[in-house]
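Just follow the structure's listing: the first ligand is 1, and inside any ligand the first atom is 1. Owing to the predicted nature of the structure, the values given are computational and were not obtained by experimental measurement.
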Amino acid sequence: MPSSNHWGVAYGALFETSARNAVFQLIELVSGPRFRCHKRTKAWDKMGLVQWLKGQFLCHLVICYGFFVSGLLINLLQICTLPLWPINKQLARRINCKLGYSLTSQSVALLEWWSGTEITLYTDPENYRLYGKENAIVVLNHNFEIDFLCGWTFCDRFGVLGASKCLAKKELSYLPVIGWMWYFLEMVFIKRKWEEDKRNFVQSLQNLRDYPENFWFLLHCEGTRFTEEKHLVSMEVAEKKSLPKLKHHLLPRTKGFWVAVQNLRGTVAAVYCCTLNFRNNETPTLLGVLNGEKYHPDLYVRRIPLESIPEDEAECSAWLHKLYQEKDKFQEDYNQTGCFPGPKVTPPCRPWALINWLGWTCLLLYPLCLLLVQLVNSGSILSILATVAFCAAVSVCVRWMIGQTEVKSSSSYGLPLNNK
Ligand SMILES: CCCCC/C=C\C/C=C\CCCCCCCC(=O)SCCNC(=O)CCNC(=O)[C@H](O)C(C)(C)COP(=O)(O)OP(=O)(O)OC[C@H]1O[C@@H](n2cnc3c(N)ncnc32)[C@H](O)[C@@H]1OP(=O)(O)O
Ligand SMILES: CCCCCCCCCCCCCCCCCC(=O)OC[C@@H](O)COP(=O)(O)O
């Protein structure tokens, strides 16, 4: 606990600081570390006022209000595109990509500009030139609560964020705002019960054959998030199948990968084998990002031409198992050395996510402020209570959505009772 003397020093430092430094702090608050002002006094550094502000509930409420209300408006606009689908499907798809971008890029802005997190990319510069210019199947490990967010950031850097998709569990399609948006982006949802899924899965993949924008299709072949318990169970399966044990991954489920590769041949040029890790054993969370915590993700991307993947199901499964054995080795080496093989590349940061986020915030904060002023002036207790209830509902709803990203809320899929 800080002593009262500490608080005294802190407050003293706060009031001694010049207005210029306050402006620097404000710029830094809005822009993140990119425009970090080095002229700040040490006192302000110690105070960490910006960091303190980022942790405040009021800031979170404003962010969540912007995300949720803009999301509902975007969902509404998506519904308005429905009559266009039978007339001009490709135009409807393009519009939905832009609308999808406008929503998902807000969380990218949160990661990049609010929390200041920057992904370090390890990849072959020859392949780097192709990213964003072709369709790809992305195979990614599923260990971290913000792996989807890092994925989105990577998509944004290469201009494929609006169109990118994922093979996701059905439950995610019911998520307010995000799940509804995904419906219009032709995401593929599955119950993880092959017999029930196969028809819809194949059809959804076939639909993507004439998709008008470049897309990346994300597959978490492990099928669920990594937990120690699920790891033990899947390694028992590995043993039964005489497969080598994996230390950092669950045993991949192969059917989805094989079906995706087969149905997207001729549409997708390559598989991007992605391995994500965080420096210093960080365990990042979405709440941490909202609190402005900066994380240090490293992403290793290997491009594998689709033609090199076997067509036969058994051979393709064996190929995927081998890929996961290699990925496991990369994770192990990363733990030893702190880096992935291959040169580091930093894809240029695009301003659109920030511009879009600030645009929505200004657009939605203005009427909110007007409403609040009117409410206070009206003095109506009922209206004030209704507004407080609305803010509380938004906050609870977003908190619940954040809860869905937490590993502790992971399903029982992959555990003995639920095993197939
Ligand atoms: C960094 C770049 C990022 C780019 C990002 C791009 C786009 C981003 C866009 C959006 C982001 C949104 C993020 C949302 C993330 C949501 C992710 C999820 O929801 S993950 C869950 C859903 N996905 C999957 O499940 C995919 C993996 N699963 C499969 O592919 C499965 O094959 C299947 C299609 C679901 C079918 O599964 P099923 O179990 O029915 O069949 P299988 O043949 O695969 O498995 C049976 C087989 O498995 C053996 N078995 C039993 N127990 C286990 C176990 N615990 N582990 C492994 N294997 C097990 C069993 O013995 C059977 O074996 P066999 O076939 O030999 O008899
Ligand atoms: C400006 C931005 C403000 C952001 C405010 C916060 C918004 C909240 C956003 C919620 C986004 C929800 C995206 C959900 C993605 C969850 C991915 C995931 O991790 O799914 C788990 C499945 O793979 C496996 O499930 P399990 O079998 O482990 O169970």
Quick note on ligand 2: atoms under 4.0 Å from a heavy atom of Arg192 include exactly 27 (O)

Identify, by atom number and element, the atoms of ligand 2 in contact range of Gln106, meaning under 4.0 Å from any of its heavy atoms.
-> 1 (C), 2 (C)

Does any pair with a residue in residues 304-342 pass ring-ring contact (aromatic ring centres under 6.0 Å, His included), and if so which ones, sequence neighbours excluded?
->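 Listed by first then second residue: Tyr122-Phe340, His249-Tyr324, Phe257-Trp319, Tyr300-Phe330, Tyr300-Phe340, Tyr334-Phe340.
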
For [atom], what's the nearest protein heavy-atom neighbour? Residue, atom name and distance, please.
atom: atom 22 (C) of ligand 2; value: His142 NE2, 3.6 Å
atom: atom 2 (C) of ligand 2; value: Phe67 CD1, 3.7 Å
atom: atom 25 (O) of ligand 2; value: Lys169 NZ, 3.1 Å

Examine Lys54 relative to Trp114 and say whether NZ or CZ is less than 6.0 Å from the centre of the six-membered ring and inside a 45° cone about the ring axis.
->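 Yes - Lys54 lies over the ring of Trp114, closer than 6.0 Å to its centre and within 45° of its axis.
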
Quick one: does NZ or CZ of Arg303 land under 6.0 Å from the six-membered ring centre of Tyr272, within 45 degrees of the ring axis?
-> no

Check whether any side-chain N or O of Gln51 sits under 3.5 Å from a backbone N or O of Gly292 as a donor-acceptor pair, and report yes or no.
-> yes

Indicate yes or no: does an N/O atom of [X] lie under 3.5 Å from an N/O atom of ligand 1?
X: His220; result: no
X: Lys241; result: yes
X: Arg253; result: yes
X: Trp216; result: no
X: Gly256; result: yes

Looking only at non-hydrogen atoms, which of Gly223, Ala163, Pro416 approaches atom 24 (C) of ligand 1 most closely?
->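 Comparing heavy atoms across Gly223, Ala163, Pro416, the nearest one to atom 24 (C) of ligand 1 lies in Gly223.
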
Can you list the residues that meet the ring-ring contact (aromatic ring centres under 6.0 Å, His included) rule with Phe68, with sequence neighbours excluded?
->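 Here no residue qualifies.
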
